[in-house]
Amino acid sequence: MIRLIVSLSVLALTLTAPMADPVQNYVENCQECHGAERLGGLGPALIPQTLGRMRGPNLVSVIRDGREATQMPAFSETLSSEQIEELAVFLKQPLADVPPWGEVEIMSSRVMNEDYKSVETPIWSSDPMNITLAVETGDHHVSVLDGDTFETLDRFETPFAVHGGPKFTPNGRFVFIMSRDGWVQKYDLYALQEVGRIRAGLNSRNIAISHDGKWLAVANYLPNSLTILSTDDLSVAKVKSVKGKDGTPSRISAVYQAPPRESFVLALKDVPEIWEVFYGPNPPQMGFAHDWRDEGPLKSEDPFPVRKITTPDYLDDFFFDQSYEYVMGASRSGEGGQVIDLVIGQKTADLDLPGMPHLGSGITWKYGDTTVMATPHLKDGAVTVIDMSTWKTIKRIETLGPGFFMRSHENSRYVWVDVFFGPNKDVMHVIDKDSLEIVKTLRPVEGATVAHVEFTRDGSHALVSVWEDDGAVIIYDAETLEEVRRLPMRKPSGKYNVWNKITFSEGTSH
């Protein structure tokens, strides 16, 4: 009887004992790779700012099934369905306290490749100006392609979840790649070796490189800061806290290079301002920009002085004219846009841009006796074409759905635009620059996401991504629009040609 009572008691305790809570499950199963504070380590940061932007399977299925071709294991045999659900809920909760991530913390994260050896000339015989990088998000690698033969020269691992376009030094030798959780990687294309990496933020948006190749600016969501790195050794030159004129902290939506102005221009998420951060020795005089005078003297001790320009609305996305005097900004409401004159620091025109344009993917080309800018829309199936001399809409081209990327080349008579969202995501439209009409609609892989075009240096070929795990980069003859070759890849996203990027080709985003 005593044994029976004891056995029943043990059974009752077993049935009523609470399961380990999600915090404990995180410590036991996730902390080693993702860090004690969920801010990342070998794996990415597991915080709402990162998880909310990540593509692919939802969080529960990732925990349950793992991620193929990564070090993320499946926990279906370790955790129950309920535990996995609770862990997913826990990971989506914001951090109680955001840890400091300033110069000391950033520098402590820097890891330089001890095996890296510089070379005098490329170790390959390809045209250095016709190298194209293809980012493969399926297993977090970049393929280095010969732009003439389309052979792969190297395929190297990147930080997790690369975001924003890679940036090249002016001579095309080094490239910098950034991940969503703030890691910046430097890679030597001549030697085909990683030079080093550093974590410039905890959750980051994109990077921009100065026209002289000396500085790399990293736009951060978390913390609210701009990190400026030396491109030479990835050391921290400056960390700038981002607060509006009234003291409101703000995330940075994006940072851009403005070469003639020797500055970085920031789009801010949480305050109606544009920031211009100067890196040149002689910041330009700003005419009637009285707000700039209020920020302090031009010759301050800060090597990166900031000018804050108040705007009538929040501007999340930018496009610059060829002189970099004017910036076209998309309003957060998605109902229009503005033109800001950076010289005088004031709005000079409104833009008819309904449907939330993706100005960051806009391009320009010569059209008659003027220059036009065209942008896809994230909500509407349309491309808007704007005369940059009058800021008026010339035409609204109807497409089969909302698009994300546009590309062309100065030697091509066509513009390529994808249909990234909706049931027609397998479509790529080709538009004639003169008639502003869609002349061909490609469907290279039925049902697959087909997106993002890049051209070779001479514009003779267009490279298109089949944005799937078993995807490919499809190479087209840019004149006949006929397929030439397919390169199998793991969910390829963006492609970036050295020449087109360092020369600011009119058909590529800057």
Side-chain angles (χ1 to χ4, degrees), residues 35 39-42 45 99-119 142 156-160 162-191 193-242 252 254-257 259 262-266 275-281 283 300-306 502:
L39 292 171
L42 294 176
W101 201 255
E103 181 175 349
V104 172
E105 291 80 13
I106 295 171
M107 283 300 297
S108 67
S109 74
R110 186 177 63 158
V111 180
M112 305 305 288
N113 180 10
E114 296 180 353
D115 297 326
Y116 167 70
K117 294 182 180 179
S118 183
V119 295
V142 164
F156 63 92
E157 186 177 3
T158 67
F160 183 87
V162 168
H163 189 245
K167 297 298 183 289
F168 300 96
T169 50
N171 63 0
R173 171 168 184 171
F174 296 100
V175 64
F176 298 86
I177 297 169
M178 191 212 74
S179 67
R180 292 183 187 274
D181 52 0
W183 283 98
V184 175
Q185 176 186 35
K186 180 180 180 180
Y187 181 86
D188 185 343
L189 288 169
Y190 284 13
Q193 296 180 63
E194 178 176 334
V195 180
R197 61 180 67 188
I198 189 170
R199 192 174 192 183
L202 299 176
N203 183 240
S204 304
R205 295 298 297 160
N206 76 319
I207 54 177
I209 193 168
S210 60
H211 80 288
D212 56 11
K214 293 181 179 180
W215 311 110
L216 192 76
V218 185
N220 297 318
Y221 259 23
L222 184 70
N224 301 149
S225 66
L226 178 76
T227 301
I228 301 177
L229 303 173
S230 165
T231 57
D232 182 46
D233 60 0
L234 294 179
S235 60
V236 177
K238 191 77 174 182
V239 179
K240 286 188 171 292
S241 178
V242 179
I252 305 175
V255 59
Y256 304 88
Q257 175 197 162
E262 297 187 345
S263 68
F264 297 116
V265 181
L266 279 58
W275 279 25
E276 188 170 18
V277 180
F278 297 94
Y279 56 78
S300 67
E301 294 182 0
D302 187 346
F304 305 102
V306 178
I502 67 175

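All heavy atoms count here, side chains included; hydrogens, waters and symmetry mates do not.
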(request) For this output row, return yes or no: ring centroids of W215 and F304 closer than 6.0 angstrom. (result)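 Ring-ring flag for W215/F304: true, centres closer than 6.0 Å.
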(message) Is it the case that the ring center of F156 lies less than 6.0 angstrom away from the ring center of Y187?
(response)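 Yes, ring centres under 6.0 Å apart.
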Closest non-hydrogen atom pair between [X] and [Y], with its separation:
X    : Y    : value
D212 : P170 : C-CG, 3.9 Å
A208 : Y256 : CB-C, 3.9 Å
I209 : F264 : C-CE2, 3.8 Å
V218 : M178 : CG1-SD, 4.1 Å
V277 : I228 : CG1-CD1, 4.2 Å
P166 : I177 : CB-CG1, 3.9 Å

Could you tell me the separation between the [atom1] atom of [X] and the [atom2] atom of [Y], rounded to the nearest 0.5 Å?
X    : Y    : atom1 : atom2 : answer
L229 : L234 : CG    : CG    : 6.5 Å
N113 : Q185 : CG    : CD    : 10.0 Å
K214 : T231 : NZ    : OG1   : 9.5 Å
L202 : L222 : CG    : CG    : 5.0 Å
S225 : K238 : OG    : NZ    : 12.5 Å
F174 : Y190 : CZ    : OH    : 9.0 Å

(request) Go through the steps to decide whether I106 and T227 satisfy the test side-chain contact (heavy atoms from CB on, under 4.5 Å), and finish with yes or no. (result) CA-CA 9 Å; I106 295 171; T227 301; 3.8 Å; yes
(request) Could you point out which residue of N220, N224, D302 forms a side chain to side chain donor-acceptor pair (under 3.5 Å) with K240? (result)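 It is D302; the other options fail the test.
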(message) Applying the side chain to side chain donor-acceptor pair (under 3.5 Å) criterion to D188, which one of Q193, R173, K117 satisfies it?
(response)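 Exactly one pass, corresponding to R173.
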(message) Taking R205's backbone N and O only, do any of them form a donor-acceptor pair with H163's side chain (distance below 3.5 Å, no angle check)?
(response)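 Between the backbone of R205 and the side chain of H163 there is a qualifying donor-acceptor contact (under 3.5 Å).
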(message) Under a 3.5 Å distance rule, please check whether S230 uses its side chain to pair with a backbone N or O of D232 as donor and acceptor.
(response)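 Indeed, once roles are kept as given, a pair shorter than 3.5 Å links the two residues.
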(message) Under 3.5 Å, is there a donor on one side chain and an acceptor on the other for S204 and D181?
(response)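 Note: S204 and D181 side chains miss the donor-acceptor criterion.
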(request) Say whether D233 and S235, considering side chains only, have a donor N or O and an acceptor N or O under 3.5 Å apart. (result)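 D233 vs S235: donor-acceptor pair found between side chains.
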(message) What I'd like to find out is whether the side chain of W183 reaches to under 4.5 Å of the side chain of T158, using heavy atoms alone.
(response)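 No. Closest side-chain heavy atoms not under 4.5 Å.
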(request) Taking the side chain as every heavy atom from C-beta outward, state whether V255 and N206 have any pair of such atoms under 4.5 Å apart. (result)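 Heavy-atom side-chain distance check passes, below 4.5 Å.
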(request) List for me each residue that meets side chain to side chain contact (heavy atoms under 4.5 Å, CB included) alongside H211, sequence neighbours excluded, and say none if there are none. (result)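 H211 satisfies side chain to side chain contact (heavy atoms under 4.5 Å, CB included) with Q257, P259, E262, Y279 only.
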(message) Please determine whether side-chain contact (heavy atoms from CB on, under 4.5 Å) holds for the pair L226 and V239, giving the CA-CA distance in whole Å, both sets of side-chain angles, and the decisive distance to 0.1 Å.
(response) CA-CA 6 Å; L226 178 76; V239 179; over 6 Å; no
(request) Decide side-chain contact (heavy atoms from CB on, under 4.5 Å) for V306 and F278; before the verdict, give the C-alpha distance in whole Å, the side-chain angles of both, and the deciding distance to 0.1 Å. (result) CA-CA 7 Å; V306 178; F278 297 94; over 6 Å; no
(message) Using the rule given for side-chain contact (heavy atoms from CB on, under 4.5 Å), can you reason through R110 versus M112, listing the C-alpha separation, both sets of side-chain angles and the distance that settles it, and then say yes or no?
(response) CA-CA 7 Å; R110 186 177 63 158; M112 305 305 288; 3.8 Å; yes
